[in-house]
Amino acid sequence: MNYTKTLREFCIQNQGRLFDVQYEQNHRFSLIPYKTLLKILNRLEDEKIVSSIAKGVYIVNSDQHIDIDNAIKEYYVDHFSGMMVGRAMYNYYDIGDQDDDTIQIYTNKIVSNNKSINKYHLIKFNTFFYDEVVSLITALELIEKVGSIKDINYIRYHEEKESGIKSYSDEIIKEIITHHPYKYSTIATLDELLNRYSIKNTLINIYKENYKNALQK
């Protein structure tokens, strides 16, 4: 395999998209050694085929206008890859109306624990972000961070929290807390709400088992 030719052709076929070196090397280009991949990308940058936008992250250049914000969201959020949390999430659901210089994203498309690209702070969260997972994570985030939400709209807050709680299943919560540490106080509050809505669960046992396994690692 001609590594440079292969990568050049891939970039030409994916203009306007991001290329996260660690993720792509792990998932699509594992045959190419990491250092070799970096050298090839440096060569392609000299050829104006790609441009570096952060350490280890490139945008594939295009004749069309590229919206970097959309490219970041498409790569790290769309196609069940992640979700925006924090103030961006509160604004999206009309729970709070506030600006923030940083947009937080949970995503399964980074290898390191976190990464920053311009105003985006990416946090590793290895799960498949289908609707029920996003909905339950939203509820957990709202429970855990209620004290930090400014100008809170309590009607919208309770609507979204209730919607997330009603998407609960033991299988989903196990998938979530295996990959992201929520405080026990948050889990206890979720348990109280599940009981209030008469939703059968073994949440506390799942959390205890996961905590025990984490201590043994």
Side-chain angles (χ1 to χ4, degrees), residues 69-70 72-110 113-208 210-211 214:
D69 291 315
N70 283 342
I72 289 171
K73 292 173 184 176
E74 181 181 14
Y75 191 86
Y76 293 108
V77 176
D78 292 351
H79 315 297
F80 310 107
S81 296
M83 63 182 286
M84 290 190 293
V85 292
R87 293 181 179 180
M89 183 180 76
Y90 311 148
N91 290 343
Y92 177 79
Y93 289 117
D94 294 323
I95 291 168
D97 185 13
Q98 49 202 344
D99 294 325
D100 195 355
D101 293 336
T102 302
I103 296 176
Q104 291 182 312
I105 294 176
Y106 289 154
T107 180
N108 58 31
K109 292 191 76 172
I110 60 173
N113 288 331
N114 55 73
K115 180 190 294 281
S116 292
I117 306 173
N118 300 333
K119 63 183 178 181
Y120 295 92
H121 180 62
L122 311 174
I123 301 166
K124 183 179 180 180
F125 198 142
N126 277 339
T127 191
F128 192 62
F129 288 85
Y130 55 90
D131 291 346
E132 291 83 359
V133 170
V134 170
S135 188
L136 187 53
I137 289 174
T138 298
L140 288 163
E141 291 290 312
L142 292 177
I143 292 168
E144 185 152 296
K145 297 169 184 174
V146 60
S148 66
I149 304 175
K150 297 179 180 178
D151 300 321
I152 188 170
N153 179 336
Y154 279 104
I155 293 175
R156 291 293 299 121
Y157 172 85
H158 289 299
E159 286 175 346
E160 290 304 324
K161 184 174 70 173
E162 180 179 333
S163 175
I165 291 165
K166 290 182 176 179
S167 71
Y168 177 92
S169 75
D170 282 346
E171 182 181 17
I172 293 173
I173 196 65
K174 186 173 183 179
E175 173 71 14
I176 290 172
I177 65 176
T178 297
H179 295 103
H180 188 81
Y182 281 101
K183 296 176 181 177
Y184 184 74
S185 57
T186 301
I187 299 300
T189 297
L190 176 59
D191 179 67
E192 192 277 330
L193 292 167
L194 290 171
N195 292 334
R196 186 186 304 177
Y197 289 112
S198 301
I199 298 173
K200 292 183 179 180
N201 69 90
T202 59
L203 171 61
I204 298 300
N205 287 337
I206 290 171
Y207 185 86
K208 288 178 179 177
N210 186 74
Y211 182 71

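Any value given below was found using the heavy atoms of this structure, including those in side chains, with hydrogens, waters and symmetry copies removed. This one's a predicted model, so the numbers in the text were calculated from it and none came from an experiment. By convention here, the first residue in the shown sequence is residue 1.
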Could you pull out all residues at least two apart from Tyr92 that satisfy side-chain contact (heavy atoms from CB on, under 4.5 Å)?
-> none
Using a 3.5 Å distance criterion without hydrogens, assess whether the side chain of [X] forms a donor-acceptor pair with backbone atoms of [Y].
| X | Y | value |
| --- | --- | --- |
| Thr189 | Ser185 | yes |
| Glu144 | Lys183 | yes |
| Asn195 | Asp191 | yes |
| Asn201 | Leu194 | no |
| Tyr207 | Tyr182 | yes |
| Ser81 | Lys109 | no |

Do Leu142 and Tyr93 have side-chain heavy atoms sitting under 4.5 Å apart?
->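 Result no, sub-4.5 Å side-chain heavy-atom pair not found.
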How close do [X] and [Y] get, counting heavy atoms only, and between which atoms?
| X | Y | answer |
| --- | --- | --- |
| Met84 | Lys73 | SD-CE, 4.1 Å |
| Val133 | Ile176 | O-CD1, 4.1 Å |
| His121 | Ile123 | CD2-CG1, 3.7 Å |
| Ile110 | Lys124 | CD1-N, 3.4 Å |

State, without any angle test, whether Tyr120 and Asp69 hold a side-chain donor-acceptor pair at a distance under 3.5 Å.
-> yes
Evaluate the criterion ring pair (Phe, Tyr, Trp, His ring centres under 6.0 Å) for residue pair Phe128 and Phe80; output intermediate values, then yes/no.
-> CA-CA 6 Å; Phe128 192 62; Phe80 310 107; 4.9 Å; yes
Any pair counted as side-chain hydrogen bond (donor to acceptor under 3.5 Å, both in side chains), so long as it reaches residues 165-176, sequence neighbours left out = Thr127-Glu175, Glu162-Lys166, Tyr168-Asp170, Asp170-Thr202
